[in-house]
Every structure is written in C-alpha cells, then in structure tokens.
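A note on names: the letters A, B, ... follow the listed sequences, proteins ahead of strands, and every chain is numbered from 1.
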Amino acid sequence: MSKEFKAILSDVAMETLEQLAFIFASQADEEDLISGTPCIAAKVAFEGPFKGKLFMKTSKQVVDEITVNMLGIEEEEKISSDQRCDAFRETINVICGNVLPEIADKKAVFNIAPPEILTESGAIESILKDHGAPAAVAKLDIDDEACDLYLFVDID
Amino acid sequence: MAFNVLVVDDSGVMRAMIIKTIKMSGIELGEVHQAANGAEGLEFLKNNWIDFVIVDINMPVMNGEEMIDRMLEDSDIKSTPKIVISTEGSEERIERLREKGAEFIHKPFSPETIRDTILAITGTETGA
C-alpha cells in the first residue's frame, strides 16, 4: 500500500469533512475504533486514466452529524433515512472528486459514477475482500467513532 | 438587491446546503427555486426569469454541462449567469465550462467563495 496514497486519502477526507460538514476528524491509530452505533457504508466508482472504487464506512451517529451540519438544522430535528443516505453519498462523492486529482494528473478527466449506499448495516468486509488489496486505507477518528475509507485502483 | 436563483443538483441535501451557504454569505435571496437535474432546470427556465443559475455537473437524466449547452442554444436564456458547483477536478473540463461562460466553484466551498462568485457573475459591486 502506498504511504503517499494513504496520506492523500486521509488528508482529503479530513479536509472535506471539515469544510463540507464542519466535522473535525483525526487520523486513528492502526487498531480499529469500535463504533458504538450501527454503521453505514457507501461506495463510489470512477473511470479515467485508471479506474477504481472508493468505499467509506462510519457510524450512523457520524452520518447523522454530517447530515445535520450539511442541512444546517438543529440536532433535535428528525432526519429522514433519505436525507441521511443523500448526505453520506454526497460526502463520499466530494471526497472521491478531490482525491482523484491528487493521485493523478490534474488535467486527467475522470467520470465519477453516482455514489451508492451499500448497506445500512455497515457490513462491507466481504465486499472489500472481492476487490483484492486496496491502494490505500485511511482510518479516521471522529469523536471516538471510526470512519474508514478504502481506495481500490485498477491500473491495467 | 435580492437575487432570484435556480439551484440544480440531484442531491436535495446539497441543494439545501448551497442555499444555506448563500444566505450565510450575506447575499440576499428573493425567490429560490430547485431542480433535481438539467432537464427539470431547463423546463423551469422556459417560463421563469432568474438572476443566476447554480448547476451541478454529474446528474441523472441530463447533466449540468448539457443543460448549459441547451441554455446557450436558447436566445431567451443564453445570457443567464451560470455558476457550476461540482467536485470536478479536471482542469480541462473546468476550462471548457469557463469557455461556455460559466463560473466554477469546487466542492467543498466556503460562503466567501460563493459570495464573491455571485457578485462577479451578476456584475454586482457590493453585497447586501
């Protein structure tokens, strides 16, 4: 795994979470944080000079915070499942859009597919196994909740 | 001056965030309209006048670049100021959009960036 890719993925994810959703994340220790609430996972695929996929998994609690902050509503206001999924899809989409110019040439043209919520249970381990070794894994700590990103790159 | 705006993005959360950020920036908004893709946006523009349109690029049904192309073909709306807010990172694509008369804002964005871009594209010297 490229340390450079890992640093790029971590930095871009942290910057995006801060600027998009006013969420302050830090790099987590190598050991996984254990989330106390159910997790949500999403993926986004891209094609260009090379193709690949980005996966993101975090707790429902973190996604709720992202949603509330993006919408600018009070925490007491109820969030719908649609809003939660929409906010999470948009978050992974922005992270992916900002990672690609950093790992490829800035002139490179990528087509990013619509992001998808994989599961609201967060169980993506079997899906990740099917993709082989990731090019980079970023593990973030958001208020003691885990936020994991897996970047798979397919360079033919 | 209050601006009438059309925000075109397939994400309802992102549309809400863009509108919230414009308000935070000090720009006064009048009528705020929303569309979920380029086709819906064009349909709205046929019968309504706005001060500027904000468009995402990657959307289902009709993407933002095609919407801008269609606007440029229509004499009634070709001069409507256009702002693209997108995750697009390719300098080549961004330059192509600028050549079509659109200003470009990269996601994520700040209130200041949105304010400065709106003031520049509408030819307004000072904000609200």
(request) Find out whether E90(A) and K107(B) are in side-chain contact, i.e. whether some heavy atom of one side chain is under 4.5 Å from a heavy atom of the other. (result) yes
(message) Distance check, rounded to the nearest 0.5 Å: I112(A) atom CD1 versus I57(B) atom CD1?
(response) 11.5 Å
(message) To the closest 0.5 Å, what do you measure between CD (E88(B)) and CG (N111(A))?
(response) 8.0 Å
(request) For residues R89(A) and V13(B), determine if any side-chain heavy atom of one lies less than 4.5 Å from a side-chain heavy atom of the other. (result) no
(request) Go through A108(A), G48(A), A104(A) and name the one with the most non-hydrogen pairs under 4.5 angstrom from chain B. (result) A108(A)
(request) Identify the two heavy atoms, one from V94(A) and one from P108(B), that lie closest to each other, and give their separation to 0.1 Å. (result) CG1-CD, 3.6 Å
(message) How about NZ on K20(B), more than 12 heavy atoms from neighbouring residues, nucleotides or ligands closer than 6.0 Å, or not?
(response) yes
(request) Any chance you could measure T21(B), atom OG1, to L20(A), atom CG, to the nearest 0.5 Å? (result) 9.0 Å
(request) Check whether D105(A) gets within reach of chain B through its side chain, its backbone, both or neither, counting any heavy atom under 4.5 Å. (result) neither
(message) If I compare all heavy atoms of K107(A) with all of E91(B), which pair ends up nearest, and what's the gap?
(response) CG-OE1, 3.7 Å
(request) Against chain B, label A87(A) side chain, backbone, both or neither, depending on which of its atoms sit under 4.5 Å from a heavy atom there. (result) both
(request) Against chain B, label L100(A) side chain, backbone, both or neither, depending on which of its atoms sit under 4.5 Å from a heavy atom there. (result) neither
(request) Report the distance from atom CG of L71(A) to atom CD1 of I19(B), rounding to the nearest 0.5 Å. (result) 11.0 Å
(message) Do M14(B) and M70(A) have side chains that approach each other closer than 4.5 Å (heavy atoms only, starting at C-beta)?
(response) yes
(request) Would you indicate whether K100(B), at its atom NZ, is surrounded by more than 12 heavy atoms from other residues, nucleotides or ligands within a distance under 6.0 Å? (result) yes
